[in-house]
Number of protein chains: 2
Amino acid sequence: MTETQIQKMFRSHSYRATPQRIAIYKYLSEHPTHPDVEEVYQFMLKENPNTSRTTIYNVLKSLEKEGLILAIKIDNERIRYDADTKLHGHFRCNGCNKIFDFLIDDIKCTGIDDFETKTKDMYFSGFCPKCKQK
Amino acid sequence: MTETQIQKMFRSHSYRATPQRIAIYKYLSEHPTHPDVEEVYQFMLKENPNTSRTTIYNVLKSLEKEGLILAIKIDNERIRYDADTKLHGHFRCNGCNKIFDFLIDDIKCTGIDDFETKTKDMYFSGFCPKCKQK
DNA sequence: TTCATTGCAAAAGTTTTGCACGTGC
DNA sequence: GCACGTGCAAAACTTTTGCAATGAA
C-alpha cells in the first residue's frame, strides 16, 4: 500500500494522516510478524527518537477501533497487532513461540443464529511441523 | 462437581487440594459467567477476608497451565476464566458486554495440516439478539 | 516432617491521564 | 485558525517477586 493510499484510507475514516499513523500502519503491513506495542515502539524510535509510547497506544487503539488493524490476543503476555484484516486464523507454536497464519474455509456453529456477528477470531496453539519433531 | 471430586482432580494433577484452590475452582464451575481476576478475588474475600490477590493469580495461572480451566482473551481489558474446558466458542456482545457460549460443530482450515493442534479458541463479537434490535 | 502454597509488602511492568505544544486540513 | 493529535511526566492500575509463616500429605 502506498503512502498516498494509506492517507486516503485514514481520511475516509476521519483520521488525520499524521506521519506517526502512516509510519505505524506501514510498519504493520510490511511486517506481518504480529508485533506488539513494544516492537512497534522500538521501530518508531529509529524513525524519530522523540516518539512517545502514548502515541503508539493511541494509534494502535484507534486503528483497531476503526477496524483497520486486528488485535491478536493469542499470547498471555501481550497483545499483538496485524494489518491483515481479512478472515484468517492464528496458530501459536508453544515450541518456537511464532505465530502462523492459516486459512479458514468454513465454520459451522450452533447457538448464535440470531446474533449479528461482526468479528471472528480464531486462535489455535500447539506445535509447528519443526517443533513437533523434537 | 463435589468437593471430593475436585480434591481428587487436583491430586491427580499433583496439586495440593488447598481450601483456596477448591473454592476458586468451585466458584468458576458454578458461575459460568466468565469472571475475571477481580471478580474471583471479590468472591474469595467474602469467604475469607485474608485472601490475597497473589493467591488468585497463582491459582488461576496454575489451573490454566494444567488445562483445568480456560483463559478467555476476548476482552481487551481483562482475561476471563472458564471452568468448562470442552471445545466451545465465545461470543462477546458489544451492546451489553456479556459473553455467550456457543457450539462449534465443524471447522475447516487450510495451511496447518502438518501442525499438532493442542488448543482451539474461537472468539466472535457483534450484537446479541436483544442488543441488535436497538 | 517436609515442601508446596499462602499472604503480605514491595517492586516491576503496563497502560492511562492531563495538559501544553505542534501540525494537518 | 481550529481542532485533532503528539509528547512528556506523573498517576493509576496490573501483575510479579521475595520471603516468612502455614498447613496438606
Side-chain angles (χ1 to χ4, degrees), chain A residues 3-27 35-66 68-69 71-81, chain B residues 3-27 35-66 68-69 71-81:
Chain A
E3 204 150 312
T4 315
Q5 286 176 308
I6 297 176
Q7 284 183 357
K8 276 187 189 162
M9 182 182 72
F10 285 163
R11 289 183 188 139
S12 75
H13 285 265
S14 356
Y15 282 153
R16 289 192 183 168
T18 66
Q20 291 89 338
R21 276 211 185 114
I22 294 171
I24 291 175
Y25 184 85
K26 235 181 143 184
Y27 173 70
D36 64 359
V37 168
E38 197 54 29
E39 284 169 85
V40 176
Y41 177 58
Q42 291 305 327
F43 167 77
M44 288 293 287
L45 275 187
K46 281 187 241 156
E47 307 253 299
N48 171 7
N50 288 325
T51 307
S52 145
R53 243 180 262 265
T54 305
T55 300
I56 313 296
Y57 281 106
N58 284 343
V59 170
L60 291 175
K61 181 168 271 191
S62 57
L63 293 185
E64 187 210 347
K65 204 173 180 183
E66 205 61 24
L68 298 178
I69 61 173
I72 300 171
K73 288 160 263 181
I74 199 171
D75 222 309
N76 265 353
E77 294 79 37
R78 51 202 183 138
I79 298 181
R80 294 156 167 278
Y81 292 91
Chain B
E3 204 151 312
T4 315
Q5 287 176 307
I6 297 177
Q7 283 184 358
K8 276 187 188 160
M9 181 181 71
F10 286 162
R11 289 185 187 135
S12 76
H13 285 264
S14 358
Y15 283 151
R16 289 191 182 169
T18 65
Q20 292 88 338
R21 275 214 184 112
I22 294 170
I24 292 175
Y25 184 85
K26 235 181 147 188
Y27 174 71
D36 64 358
V37 169
E38 197 54 29
E39 285 169 84
V40 176
Y41 178 58
Q42 291 305 325
F43 167 77
M44 288 293 288
L45 275 187
K46 281 186 242 158
E47 307 254 301
N48 171 6
N50 288 324
T51 308
S52 144
R53 243 180 261 266
T54 305
T55 300
I56 313 295
Y57 281 106
N58 285 342
V59 170
L60 291 176
K61 182 169 271 191
S62 57
L63 294 185
E64 187 210 346
K65 204 173 179 181
E66 204 62 22
L68 298 178
I69 62 172
I72 300 171
K73 288 163 261 182
I74 198 171
D75 222 306
N76 266 351
E77 294 80 37
R78 51 201 182 141
I79 299 181
R80 293 154 168 281
Y81 292 90

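The basis for the numbers below is simple: all heavy atoms, side chains too, and nothing from hydrogens, waters or symmetry mates. Since this is a predicted model, take the numbers as computed values, not measurements.
- Considering only side-chain atoms of B/Tyr15, the nucleotide from C/dT5, C/dT16, D/dT17 that sits closest is C/dT5.
- When heavy atoms are screened at a 4.0 angstrom cut-off, A/Asn76 is found touching no nucleic acid atom at all.
- Taking 4.5 Å as the limit, some side-chain heavy atom of B/Phe10 sits within range of a side-chain heavy atom of B/Leu63.
- If you check C/dT17, C/dT6, C/dG24 against the side chain of A/Arg16, the one that comes closest is C/dG24.
- Side-chain atoms of B/Arg11 stay outside donor-acceptor range of the base of D/dA25, with no qualifying N/O pair under 3.5 Å.
- If B/Arg21 and B/Asn50 are placed on DNA chain C by their nearest nucleotide, the residue sitting closer to the 5' end is B/Arg21.
- Relative to the side chain of A/Thr54, the nucleotides C/dC25, D/dT17, D/dC8 differ in distance, and D/dC8 lies closest.
- Taking 3.5 Å as the limit, the base of D/dC4 and the side chain of A/Thr18 contain no donor-acceptor pair of atoms between them.
- Note on ring orientation: taking the six-membered ring where Trp is involved, the planes of B/Tyr27 and B/Phe43 are parallel (angle under 30°, cut-offs 30° and 60°).
- Side-chain atoms of B/Tyr57 lie closest to D/dT16 of the nucleotides C/dT6, D/dA25, D/dT16.
- Toward the 5' end of DNA chain C, the nearer of the two residues B/Asn58 and A/Ile79, judged by each one's closest nucleotide, is B/Asn58.
- As a whole-Å value, the separation of A/Glu64 CD from C/dT15 C1' is 14 Å.
- Look at CZ on A/Arg53: it is 11 Å from P on C/dG13, rounded to the nearest Å.
- For the pair B/Ile56 CD1 and D/dT16 P, the interatomic distance rounds to 13 Å; values are reported in whole Å.
- The pair A/Glu47-A/Lys26 fails the salt-bridge criterion, with no side-chain N (NZ, NE, NH1 or NH2) lying under 4.0 Å from an Asp/Glu carboxylate O.
- Candidate nucleotides D/dT6, C/dT6, D/dA24 were compared by shortest atom distance to the side chain of A/Val59, and D/dT6 ranks first.
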